[in-house]
Amino acid sequence: MIINLAYIVACVFFILGIKKLGKVKTARQGNFLSALGMLIAVIAVFCEKEVLGTWTTDWYQNGYLWCGLAIAVGSVIGIVWAKKVKMTGMPELVALFNGFGGLASLLLAFSEFLKNPTGEELVTSTATGLTILIGAITFTGSVLAWGKLSEKITGRAILFKGQKAINLFLLLVAVAGAAIYVIPGIDEGTKLIAVLALTAIALILGITVVLPIGGGDMPVVISLLNSFSGLAASMAGFIISNTVLIVAGCLVGASGVVLTLIMCKAMNRSIGNLLFSGFGATSSSKKGTGEEPKAIAVEDAYLILEAAASVVFIPGYGMAVAQAQHAVKELAARLEENGAEVSFAVHPVAGRMPGHMNVLLAEADIPYEQLKTMEEVNPTMPTQDVAIVVGANDVVNPAAETDTTSPIYGMPIIKAHEAKTVFVLKRGKGKGFSGIENELFTMKNNLMIYGDAKATITALASEFGSE
Amino acid sequence: MEIILLVFIFVIAAFLGVELISKVPSQLHTPLMSGTNAISGITIVGALAICAIQATGTLGMILSFLAIVFAAINVVGGYLITDRMLGMFTAKNDKKKEGKES
């Protein structure tokens with residue numbers, strides 16, 4: 001009774017936590033509340049009557065010892081990773097954590113299967129099958145997303161012939177495997193093979209579903225996989241008839257879907273389009289004008305900046321890679337001393353995760369008032385003297401507005417090309433993460449500054465200092 | 001009967017989850033994703049229950065042990081990294097307040 005009350009309290013904390021996470025002011029408090037809810041739920045499960053019964057003096061048989069040890073090991077790994085990771089590496093770590101959540105549900109379900117290989121109880125066996133399916137897809141999908149984001153494997157969309165058909169076929173086979181486990185009267189050996197096949201195929205399915213999605217869409221994919229891992233936890237709740245798992249998992253599952261849709265909207269793409277189109281794999285029919293982009297030296301760029309009355313920074317993933325946010329802040333301060341009006345235009349999907357740039361700019365202590373959303377900044381763009389694109393690419397590609405054959409056509413962009421002068425800071429002459437040519441680079445008002453973004457910006461800032 | 005009750009809870013929770021997320025400013029998308037990701041580590045509760053009471057045989061024990069380890073990484077790491085992200089917003093807001101007061 002008391003334990004069930006504790007589960008209710010935990011659920012309330014989760015609900016309040018998610019609610020508060022949606023507002024800037026209360027977000028941190030919300031995160032703390034949901035952590036508290038988790039702590040309550042864990043303590044409560046240790047107090048369950050059946051669990052209490054496992055306390056024995058025989059250390060090998062003592063459930064508490066093993067559970068405590070497992071929690072300690074996991075916590076230490078979690079703490080070290082979360083503390084050690086640089087802010088730029090944060091998106092891929094979230095992906096990896098999410099994969100572990102899915103893996104945990106998968107292992108849990110498999111352990112349940114070993115206990116109940118005949119699958120007599122219809123509800124339990126159905127839930128077990130679904131948990132294995134969803135958990136396995138979440139696991140391999142998230143690990144692949146992690147690999148793509150950390151550039152351990154190519155971020156490009158990988159397409160192969162008949163991909164959709166193969167995915168559908170795999171899904172059907174997996175569901176059939178789950179069905180064999182659930183249907184009564186089939187012998188145990190067949191059921192074992194069916195569940196093993198289900199697990200293997202679901203693991204493969206996670207890979208084949210995420211593989212054709214380009215790196216630029218990874219944020220949305222992670223959000224969707226996050227929703228999946230919640231569903232897996234919820235299904236696991238059905239296995240052991242535990243309400244807190246069902247509620248918390250389902251909350252994450254549902255809110256994750258909504259969040260995914262919000263993100264898709266920011267990119268002006270439908271979820272189906274995102275999952276199946278192989279974004280970035282198709283190439284624009286326009287092969288570019290064939291012109292070489294004009295490059296400019298730091299010294300000359302400085303002269304233009306010195307005369308500028310308004311400057312807008314457009315940060316992208318390149319800024320995160322170069323760790324240039326503090327240098328950007330420095331240059332912004334110098335420009336302001338020089339009398340220029342400085343703002344930062346943040347595209348909703350700039351970087352590898354929504355809000356990625358906001359976090360980095362906040363880390364560099366840039367005042368909140370200077371951060372402008374895309375909607376705020378676009379009407380003022382023609383009056384801006386200089387737009388400095390720091391490692392952004394697709395989010396300033398005018399092809400999204402003009403070229404109907406471009407894969408990013410229709411995505412809202414920051415109209416950097418409307419500024420009087422545009423500087424693009426870039427490591428080299430390559431394409432963007434999504435692999436699309438950017439016609440901004442060859443426009444008349446555009447000047448490239450090649451080199452490491454951080455070094456370039458530091459050099460620009462020191463030009464101001466040397467006066 | 002009990003299963004109907006559980007399904008009922010599931011459906012209500014789904015609607016609640018949809019309602020909870022409506023207008024979220026884009027800079028909070030990442031922390032929100034990361035924070036709810038930590039909640040999905042709730043599977044640790046299930047893993048604990050299974051490990052302690054229901055696991056059968058050495059293999060079942062090992063599997064549920066690993067399940068707890070991975071879920072704990074998900075939970076602890078997830079909450080910490082969310083807090084780190086949010087800390088950057090908060091630290092800045094505090095400074096702004098100080099600036100106003102002085």
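A quick note: this is a predicted structure, and the numbers were derived from the prediction, not measured. In what follows, chains carry the letters A, B, and so on, assigned in the order in which the sequence lines appear, proteins first and then strands, with residues in each chain numbered from 1. Scope of the values below: all heavy atoms of this structure, side chains included, with no hydrogens, waters or symmetry mates.
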Chain B contact via A/Val123 - side chain, backbone, both or neither, heavy atoms under 4.5 Å | side chain
Chain A interface, residue from B/Thr36, B/Ile73, B/Val76 that has the most non-hydrogen pairs under 4.5 Å = B/Ile73
Looking at OG of B/Ser64 and CD of A/Glu112, how far apart are the two atoms once the value is rounded to the nearest 0.5 Å?
-> 10.5 Å
Interatomic spacing from CD1 in B/Ile50 to CG in A/Leu108 - rounded to 0.5 Å | 4.0 Å
Taking the side chain as every heavy atom from C-beta outward, state whether A/Trp66 and B/Ile68 have any pair of such atoms under 4.5 Å apart.
-> no
Give the member of A/Cys11, A/Ala10, A/Ala35, A/Gly37 that has the highest number of heavy-atom pairs under 4.5 Å with chain B.
-> A/Ala35
Please determine, among A/Val346, A/Thr373, A/Leu103, A/Ile239, the option with the most heavy-atom pairs under 4.5 Å with chain B.
-> A/Leu103
Region of B/Val75 in contact with chain A, defined by heavy-atom distances below 4.5 Å | side chain
Counting only heavy atoms closer than 4.5 Å, note whether A/Leu231 contacts chain B via side chain, backbone, both or neither.
-> side chain
Distance col, row B/Ser40:OG vs A/Phe228:CZ, nearest 0.5 angstrom, shows 13.0 Å
Starting at CD of B/Glu19, measure out to NZ of A/Lys19 and round the result to the nearest 0.5 Å.
-> 8.5 Å
Using a cut-off of under 4.5 Å on heavy-atom pairs, state which of B/Val18, B/Ile12, B/Thr43, B/Leu16 scores highest against chain A.
-> B/Thr43
When rounded to the nearest 0.5 angstrom, what distance separates CG in B/Leu32 from OG in A/Ser255?
-> 6.5 Å
What distance do B/Leu20 atom CG and A/Phe14 atom CZ have between them, rounded to the nearest 0.5 Å?
-> 13.0 Å
State whether the number of non-hydrogen atoms from other residues, nucleotides or ligands found under 6.0 Å of B/Phe70 atom CZ is greater than 12.
-> yes
Most heavy-atom pairs under 4.5 Å with chain B, out of A/Gly17, A/Gly256, A/Ser227, A/Cys250, belong to A/Cys250
Sort A/Thr131 into side chain, backbone, both or neither according to what part of it lies under 4.5 angstrom from a heavy atom of chain B.
-> neither
Do side-chain atoms of A/Asn226 reach the backbone of B/Met33 as a donor and acceptor pair under 3.5 angstrom?
-> yes
Using non-hydrogen atoms and a 4.5 Å limit, figure out which bit of B/Val11 sits close to chain A: side chain, backbone, both or neither.
-> neither
When the 4.5 angstrom heavy-atom criterion is applied to B/Ile44 and chain A, the contacting part is side chain
Taking A/Ala254, A/Ala41, A/Ala70 one by one, which has the highest count of heavy-atom pairs under 4.5 Å against chain B?
-> A/Ala70
Using atom types as modelled, flag every donor-acceptor pair under 3.5 Å from a side chain in residues 71-85 of chain A to any protein atom, sequence neighbours excluded.
from	atom 1	to	atom 2	distance (Å)
A/Ser75	OG	A/Ile71	O	2.8

Given that the side chain runs from C-beta out, which part of A/Leu93 has a heavy atom under 4.5 Å from chain B: side chain, backbone, both or neither?
-> side chain
Are the side chains of A/Thr243 and B/Leu5 in touch, meaning some heavy atoms are under 4.5 Å apart?
-> no
Looking at B/Leu66, B/Asn37, B/Thr82, which one has more heavy-atom pairs under 4.5 Å with chain A than the rest?
-> B/Asn37
Bottom line for A/Ala236: the part with an atom under 4.5 Å from chain B's heavy atoms is side chain
Go through the atoms of A/Leu245 and report whether side chain, backbone, both or neither lie under 4.5 Å from a heavy atom of chain B.
-> both
Contacting region of A/Val244 [heavy-atom separation from chain B under 4.5 Å] | both
Would you list the pairs meeting side chain to side chain donor-acceptor pair (under 3.5 Å) in which at least one residue belongs to residues 31-43 of chain A, sequence neighbours left out?
-> A/Ser34-B/Tyr79
Go through the atoms of A/Tyr7 and report whether side chain, backbone, both or neither lie under 4.5 Å from a heavy atom of chain B.
-> side chain
A/Phe100 side chain near B/Val69 side chain, heavy-atom distance below 4.5 Å = no
Would you mind telling me which of A/Gly249, A/Ala232, A/Ser105, A/Gly99 has the largest number of heavy-atom pairs within less than 4.5 Å of chain B?
-> A/Ser105
Using a 4.5 Å cut-off on heavy atoms from C-beta on, say whether the side chain of B/Met85 contacts that of A/Val94.
-> yes
Turns out that what part of A/Met374 lies under 4.5 Å from chain B's heavy atoms comes down to neither
Check whether any side-chain heavy atom of A/Asn98 sits under 4.5 Å from a side-chain heavy atom of B/Asn74, and report yes or no.
-> no
Interface check, chain A: of B/Ile9, B/Leu80, B/Asp83, most non-hydrogen pairs under 4.5 Å belong to B/Asp83
Under a 4.5 Å heavy-atom cut-off, does chain A meet the side chain of B/Ala38, its backbone, both or neither?
-> backbone
Residue from A/Leu106, A/Ile15, A/Val257, A/Asn242 scoring the most non-hydrogen pairs under 4.5 Å with chain B is A/Ile15
